Amino acid sequence: MSHATASAPTPSPLFLSFRARLLDWRVRFGVLALIWGFSFLFIKVGTDGFAPFQVTFGRLLFGTAVLAAALLVKRDRLPRGARTWGHLAVAAFLLNALPFSLFAYAELTIPSTLAGICNATTPLWGMVLSLVALSEDRPTRVRAAGLGIGFIGVLTVLGAWQGFSGLDVTGTALALLASFSYAVGWIYVRRTLSGTGASHLSLATGQVGVATLQLALVTPFFTTLPESVEVLPLLAVIALGALGTGYAMLLQYGVVAEVGPTTASMVTYFIPVIATAAGVAFLGEHLAWNTPVGAAIVLLGAALTQTRASSRTPAPSRATASVADPSRKTPTRA
């Protein structure tokens, strides 16, 4: 044994460094999937003690605090220029204020598991829109098949053959509209915020900060202060904002920078799985056979829509709630 040990080649420092980095990004990848997957559970728990707009406002407020702290630590600065801030205001509405609020309202009447699966339809909406709005995206047979398969999966999740019996149509429609908003927002970001010269962190902080202001203006008109504040819903909102909206963005940027947007985007396919497991395990939500089967079909269709006809064609991103590089393929979050 000692002879074998002595004769074994010693790994080079470069190899050890690479292996350490590989394990490191995998850990962060897993943490990111867990955070975004549990976001739907946090929304559900948060709405037990707060109005949906209050949940969204708290989420954005704590998310902005984390991003602003990171901005200070990195000694970065917010974007400049009225035009950039105007585009950020639109992006904040489409990628944060609107979808976050829609998901919060949706989970008043639908399970967090269903909300997580609806979130996975974003690339399907994104492909439909990109074929119209982005000239560099060209339909292929595989992508068209993926689109069709994905929407068959949606119908399976919803139990279309049963006439959608037992399904809250309004709540489900709100969750699907939130995913559609992500897709519209991504296309807008890609067309307007690329090449600004500002860092990803700077743009994300500005965007989430503007979304916080938008909710601060809206929330008082539609809600009243709760008579009492329960600890568990409050902790859920804090976790939703600080982890799911702030820290998760920082993790996302690190993973994308280290292993590339294509690998990083794979986190999207773990989100509905984790959301479903969390809803069943911690909230006791009922899971019919068509829910996991339909979710698997949706994810298969979504994966097929991401295939490219040519390696020279940039991959379309799934809508993200942060301003990532608009030319890159980035994951979606709740």
Side-chain angles (χ1 to χ4, degrees), residues 30-66 96-120 157 167-168 170-179 181-182 208 211-212 215-216 218-219 222-249 251 267 270-288 291-292 295 321 332-334:
V31 172
L32 183 60
L34 283 172
I35 290 174
W36 278 345
F38 268 83
S39 292
F40 297 96
L41 181 147
F42 293 148
I43 293 172
K44 192 72 171 180
V45 175
T47 53
D48 287 340
F50 300 97
F53 275 136
Q54 293 171 343
V55 171
T56 303
F57 173 69
R59 174 182 188 173
L60 291 168
L61 181 64
F62 289 110
T64 299
V66 171
N96 300 112
L98 179 60
F100 289 3
S101 299
L102 289 173
F103 271 123
Y105 271 102
E107 291 199 42
L108 290 176
T109 55
I110 67 172
S112 64
T113 55
L114 180 55
I117 294 170
C118 288
N119 182 73
V157 170
L167 179 72
D168 185 85
T170 301
T172 305
L174 291 177
L176 291 172
L177 183 59
S179 300
S181 180
Y182 282 143
V208 178
T212 304
L215 261 293
V218 170
T219 301
F222 293 93
T223 65
T224 58
L225 292 176
E227 296 180 357
S228 61
V229 176
E230 300 179 19
V231 175
L232 193 58
L234 177 60
L235 292 177
V237 172
I238 293 174
L240 184 63
L243 295 178
T245 305
Y247 182 59
M249 284 188 180
L251 283 177
V267 72
F270 291 90
I271 294 174
V273 177
I274 295 173
T276 299
V280 172
F282 295 100
L283 299 178
E285 295 178 346
H286 175 68
L287 190 65
T291 302
T332 302
R333 66 191 188 91

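Here the structure is a predicted model, which is why all the values come from computation and not from measurement. All values below come from the heavy atoms of this structure, side chains included, with hydrogens, waters and symmetry mates left out.
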Checklist line | Heavy-atom neighbours of F53 CZ exceed 12 at 6.0 Å | finding: yes
Next item on the list: First locate atom CZ of F62, then atom CZ of F57, and finally report the distance between them rounded to the nearest 0.5 Å.
Entry: 9.0 Å
Notebook entry, point to check: Do the non-hydrogen side-chain atoms of F50 and T223 ever get within less than 4.5 Å of each other?
Noted result: no
Notebook entry, point to check: Sub-3.5 Å donor-acceptor pair from the side chain of E285 to the main-chain atoms of T113, do we have one?
Noted result: yes
Checklist line | Criterion side chain to side chain contact (heavy atoms under 4.5 Å, CB included) on N96 and L60, from CA distance to verdict | finding: CA-CA 8 Å; N96 300 112; L60 291 168; 4.0 Å; yes
Check: Minimum heavy-atom separation for A97 to L215, with atom names?
Finding: CB-CD2, 3.4 Å
Next item on the list: Verify, without hydrogens or angle tests, whether Q54 (side chain) and T224 (backbone) share a donor-acceptor contact under 3.5 angstrom.
Entry: yes
Item checked: Heavy-atom side-chain proximity of P292 to T276 below 4.5 angstrom -> no
Notebook entry, point to check: If every non-hydrogen atom of L283 is compared with every non-hydrogen atom of S112, which pair is closest and at what distance?
Noted result: CD1-OG, 3.7 Å
Item checked: For the student: nearest non-hydrogen atoms of C118 and S179, plus distance -> O-OG, 2.7 Å
Item checked: Heavy-atom pair with the smallest gap, counting every atom of G46 and A236 -> N-CB, 4.0 Å
Note to self: Can you confirm whether F103 sits close enough to F40 that some side-chain heavy atom of one is under 4.5 Å from a side-chain heavy atom of the other?
What the structure shows: yes
Next item on the list: Using side-chain hydrogen bond (donor to acceptor under 3.5 Å, both in side chains) as the criterion, point out the one residue from T245, T64, T56 that pairs with T212.
Entry: T64
Note to self: Can you give me the closest heavy-atom contact between L240 and S39, atom names plus distance?
What the structure shows: CD1-O, 3.6 Å
Margin query: For a 4.5 angstrom cut-off between non-hydrogen side-chain atoms, does I35 reach L251?
Written below: yes
Next item on the list: Rounded to the nearest 0.5 Å, what's the gap from CG on L34 to CG on L243? Could you check?
Entry: 11.0 Å
Next item on the list: Find the distance between CD1 (I110) and NZ (K44) and round it off to the nearest 0.5 Å.
Entry: 7.5 Å
Notebook entry, point to check: If you take all heavy atoms of T172 and L114, which pair is closest and at what distance?
Noted result: OG1-CD2, 3.5 Å
Item checked: OH on Y182 to CZ on F100, rounded to 0.5 Å -> 4.5 Å
Next item on the list: Please check if the side chain of T47 supplies one atom and the backbone of I43 the other of a donor-acceptor pair under 3.5 Å.
Entry: yes
